[in-house]
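Written out below as structure tokens is the structure these notes cover.
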Amino acid sequence: MTDDAAVREFDGIRLERVREHVWEIPREGEMGVAARVLASEELLEQIGDDMTLEQLRNVTHLPGIAEPAVCMPDGHQGYGFPVGGVGAVDAETGCISPGAIGYDVNCGVRMVRTNLTYDDLRGREAELVDALFANIPSGLGGGGIVETDRDTVEEILERGVDWALEHGYAVRADLEHCEDEGRRPDADADAVSEKAKDRGRTQVGSLGSGNHFLEVQRVTDVYRPDVAEAYGLEPDRIVVLIHCGSRGLGHQTCNDYLRRIETEHADLLDELPDKELAAAPAGSDLAEDYYGAMCAAINFAWVNRQLITHRTRRVFERVFEEEWETLGMDLLYDVAHNIGKKEVHEVDVDADGRPTTAAEAVGRAERELYVHRKGATRAFPAGRPEIPAAYRDVGQPVIIPGSMGAGSYVLRGGRNSMDVAFGSTAHGAGRTMSRTQAKKEFWGETVQDELRDQQQIHVKAQSGATVAEEAPGVYKDVDEVVRVSEALGIGDTVARTFPVCNIKG
DNA sequence: ATGTGC
């Protein structure tokens with residue numbers, strides 16, 4: 001029997017079909033382990049179109065990597081490491097790589113629910129989008145909801161959303177509905193450069209630019225009513241999605257450590273197939289410093305999204321003339337999709353108890369790993385202690401934003417996520433063309449007019465160029481990405497939303 | 001993503 005669909009090749013990289021939606025680059029040559037792509041045939045064609053597969057293969061060269069390196073269905077090429085990649089690396093004998101987490105540390109999404117229905121909002125979209133745009137800082141450069149000093153930035157870096165709670169920008173329930181309760185205890189503000197802190201000083205509570213946005217949406221579909229009920233979602237309900245990260249502070253931190261790693265660990269760099277994968281060996285001072293600084297930037301991003309939430313509640317109070325508590329504007333969940341974290345996972349191990357390939361393993365054991373998720377979302381299944389108590393029986397909420405002309409999804413962590421993808425699923429639609437190409441194909445104002453006239457979506461942006469760069473047409477089909485997640489059982493669809501108002505840089 | 005380069 002021959003099966004033509006069993007093998008695919010892109011630029012000399014061969015993938016074998018393991019089962020539906022699972023493609024493997026078998027270990028060969030210098031690869032430490034095998035790599036896997038989680039995709040339908042259609043999405044695999046898109047993934048094979050740029051450098052993603054080569055980058056994924058390179059990831060398997062990282063010392064201490066556990067099997068397999070994973071590429072999500074929305075994967076595309078990134079700086080050294082695919083956006084949509086998961087690399088789990090032994091935290092004792094392996095390494096940590098800033099490029100495998102991304103420049104925008106703790107880029108992520110949070111969803112705020114409301115008691116409003118679409119009818120409550122119809123006819124007032126322009127008023128709401130103007131009020132949001134006027135009150136929530138966006139675009140490149142400085143200007144945040146609070147302008148603060150160096151010492152306060154340090155407190156934010158160390159304490160995360162706990163700082164926001166103390167200063168009246170959060171309620172306790174906000175912390176409880178955030179990944180890690182909005183605070184990474186491993187944060188080390190001393191490991192963040194003065195330059196990074198200075199950039200952060202004027203950016204606490206700001207959206208930024210690029211694909212970052214705040215979007216008012218309506219729930220259009222509910223697929224798992226029991227889970228949706230636990231999450232407080234019903235058809236026709238209005239929700240708010242906030243997508244942003246750690247701004248210049250996270251970017252500066254990533255850059256600082258990439259430069260230090262290149263000079264202080266040139267030996268490891270020489271062994272890697274791509275300079276952009278630069279990594280600090282586990283246990284080195286630099287690995288510890290980077291982990292502490294990266295965790296601090298994670299906290300900064302959570303405070304950033306919290307302050308935007310606070311201001312959003314104020315705007316809704318003014319527009320709808322009710323208290324935000326009465327409007328039911330509770331945080332549903334906040335989840336990162338660019339993050340590196342020490343987590344314990346069961347992996348194949350050799351006689352010394354270190355991660356190895358399935359073929360060479362003498363057994364399986366729990367190991368502490370640096371799980372690098374870059375454009376990938378934690379998706380822990382029901383029962384895990386890391387999940388907020390209110391959701392523990394149904395699974396962790398996963399939020400997957402689509403483009404501004406398409407739906408977004410709420411999923412819940414699937415029962416297979418731990419076995420298939422180190423407790424992860426996809427993070428979005430994924431680009432299909434460069435920003436430069438997008439600006440040739442689209443004109444911002446035309447995109448805005450069409451969205452408003454054809455789909456009743458009201459978009460307001462600082463820059464027309466940004467709207468062109470983020471036009472719906474430059475993104476993959478988010479429905480297809482989510483379908484693969486569902487089919488693999490790594491993230492199960494709970495509800496779908498559709499845009500009403502969108503503000504962006 | 002990003003005071004839109006190293």
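Excluded from the calculations below are hydrogen atoms, water molecules and symmetry mates; all remaining heavy atoms, backbone and side chain alike, are included.
- Atom NE2 in A:His251 sits about 13 Å away from atom C1' in B:dC6, given to the nearest Å.
- Residue-level contact check: A:Gly210 touches the backbone only, with heavy atoms under 4.0 Å from sugar-phosphate atoms and none from bases.
- Under the side chain to side chain contact (heavy atoms under 4.5 Å, CB included) rule, A:Arg373 has a single partner from A:Glu343, A:His337, A:His427, which is A:Glu343.
- Taking CZ of A:Arg483 as the reference point, atom CG of A:Asp479 lies at 10.0 Å (rounded to 0.5 Å).
- Look at CG on A:Asp256: it is 14 Å from P on B:dC6, rounded to the nearest Å.
- Computed from coordinates, the A:Tyr79 OH to B:dG5 C1' distance equals 12 Å when rounded to whole Å.
- Spacing between atom CG of A:Leu258 and atom P of B:dG5 amounts to 17 Å, rounded to whole angstrom units.
- Within 4.0 Å (heavy atoms only), A:Glu262 reaches no atom of the nucleic acid at all.
- Salt-bridge annotation for A:Glu166 and A:Arg159: present, with a side-chain N of the basic residue lying under 4.0 Å from a carboxylate O of the acidic one.
- In summary, of the residues considered (A:Lys460, A:His212, A:Gln462), a side-chain hydrogen bond (donor to acceptor under 3.5 Å, both in side chains) with A:Ser138 occurs for A:Gln462 alone.
- For A:Arg435 and B:dT4, the shortest distance from a side-chain N or O to OP1 or OP2 is not below 4.0 Å.
- Within the 4.0 angstrom heavy-atom criterion, no nucleotide atom of any strand lies near A:Lys374.
- Scanning for side-chain hydrogen bond (donor to acceptor under 3.5 Å, both in side chains) contacts around A:Thr377 gives an empty result, with sequence neighbours left out.
- Heavy atoms of A:Ser246 sit nowhere under 4.0 angstrom from any nucleic acid atom.
- Distance A:Lys195 NZ to B:dT2 P: 16 Å, rounded to the nearest Å.
- When the P atom of B:dT2 is taken as reference, atom CG of A:Leu207 falls 10 Å away, rounded to whole Å.
- Straight-line distance from the CG atom of A:Asn255 to the P atom of B:dT2: 14 Å, rounded to whole Å.
- Look at OH on A:Tyr103: it is 13 Å from P on B:dT2, rounded to the nearest Å.
- Comparing A:His212 and A:Glu469, the nucleotide of DNA chain B nearest to each residue sits closer to the 5' end for A:His212.
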